[in-house]
Amino acid sequence: MSREKLPRSTTSYSRIYSVVRRIPRGRVATYGQIAKLAGLPGRARQVGYALHALTSATAVPWQRVVNAAGAISLPPMNGGISQRLLLEKEGVRFDARGRIPLKSFAWRARA
DNA sequence: GCGGTGACGGTCG
DNA sequence: CCGACCGCCACCG
């Protein structure tokens with residue numbers, strides 16, 4: 001069979017999107033968590049890149065991905081506000097410091 | 001082809 | 001708990 005000489009980047013992006021699509025409504029996951037589940041441990045940044053490449057109309061619930069502190073990494077003026085509104089509409093709450101209590105809203109994926 | 005950049009995260013003080 | 005640093009690596013000029 002032909003050796004899959006596909007661009008690794010494209011493959012990684014697909015895997016990342018697949019994992020993000022699994023996040024249930026009303027729950028959030030961290031970049032690191034997504035990276036790990038996508039088979040890219042320690043490469044949280046790449047998850048950020050993959051999601052940034054998305055930006056427009058897609059079936060990927062990108063708003064459900066936040067950083068390890070439970071905060072939105074996206075700059076407020078550049079989508080951060082939208083992300084928060086989308087999450088609040090799903091029932092996700094933010095504390096006074098603008099952070100999501102991961103204790104309550106973190107998605108606990110099953111390997 | 002090289003170097004700076006960045007939707008991150010673990011560690012340290 | 002918080003800020004500063006460093007490691008990570010694909011993307012872009």
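Per chain, numbering begins at 1; letters A, B, ... match sequence-line order. From a predicted model like this one, the values you see are computed outputs, not experimental measurements.
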(request) Provide, to the nearest angstrom, the distance between the CD atom belonging to A/Q83 and the C1' atom belonging to B/dC8. (result) 14 Å
(request) Answer yes or no for A/R99 and A/F94: cation-pi contact, defined as NZ/CZ to six-membered ring centre under 6.0 Å and angle to ring axis within 45°. (result) no
(request) In whole angstrom, give the distance that lies between atom CD1 of A/I16 and atom C1' of C/dC11. (result) 13 Å
(request) Starting from C1' on B/dC8, measure out to NZ on A/K36 and report it in whole angstrom. (result) 15 Å
(request) When you get a sec, tell me which of B/dA7, B/dG9, B/dT5 is the closest nucleotide to the side chain of A/Y49? (result) B/dT5
(request) Please check if the side chain of A/T58 supplies one atom and the backbone of A/L54 the other of a donor-acceptor pair under 3.5 Å. (result) no
(request) Give a yes or no on whether a donor-acceptor pair under 3.5 Å exists between the nucleobase atoms of C/dC8, that is its base, and the side chain of A/R43. (result) no
(request) Just do the salt bridge (charged side-chain N to carboxylate O under 4.0 Å, His left out) check on A/E90 and A/R64 with the steps written out, would you? (result) CA-CA 10 Å; A/E90 297 186 0; A/R64 295 176 193 152; 3.0 Å; yes
(request) Take the protein atom CG of A/L40 and the nucleotide atom P of B/dG9, then report the distance between them rounded to whole Å. (result) 14 Å
(request) Describe the nucleic acid contact of A/G32 in one word from base, sugar-phosphate, nothing, applying a heavy-atom distance below 4.0 Å. (result) sugar-phosphate
(request) Quick one: stems involving DNA chain C, counted as three or more successive Watson-Crick or G-U pairs, both distances short of 3.5 Å. (result) B:2-6 with C:9-13, B:8-13 with C:2-7
(message) For a quick test of reading the model, state the closest non-hydrogen atom pair linking A/A59 to A/P61 and the distance between them.
(response) O-CD, 3.4 Å
(message) Nearest whole Å is fine: how far is B/dC8 P from A/I72 CD1?
(response) 12 Å
(message) Main chain of A/A50, side chain of A/Y17: is a donor-acceptor contact present, judged purely on distance under 3.5 Å?
(response) yes
(request) For B/dG10, take OP1 and OP2 only and decide whether either is under 4.0 Å from a side-chain N or O of A/R45. (result) no
(message) So, does A/Y13 get its side chain near the phosphate of C/dC11, meaning an N or O under 4.0 Å from OP1 or OP2?
(response) yes
(request) Kindly indicate whether the side chain of A/I23, heavy atoms from C-beta on, has any atom under 4.5 Å from the side chain of A/V28. (result) no
(request) Using atom types as modelled and distance alone, determine if a side-chain donor or acceptor of A/Q83 lies under 3.5 Å from a backbone N or O of A/V65. (result) yes
(request) In whole angstrom, give the distance that lies between atom CZ of A/R99 and atom C1' of B/dC8. (result) 15 Å
(request) In whole angstrom, give the distance that lies between atom OH of A/Y31 and atom C1' of B/dG6. (result) 11 Å
(message) Taking the nucleotide of DNA chain C with the nearest heavy atom to each, does A/R97 or A/Q46 sit closer to the 5' end?
(response) A/R97
(message) If I take atom CG in residue A/L102 and atom C1' in nucleotide B/dG9, what distance separates them, rounded to the nearest angstrom?
(response) 13 Å
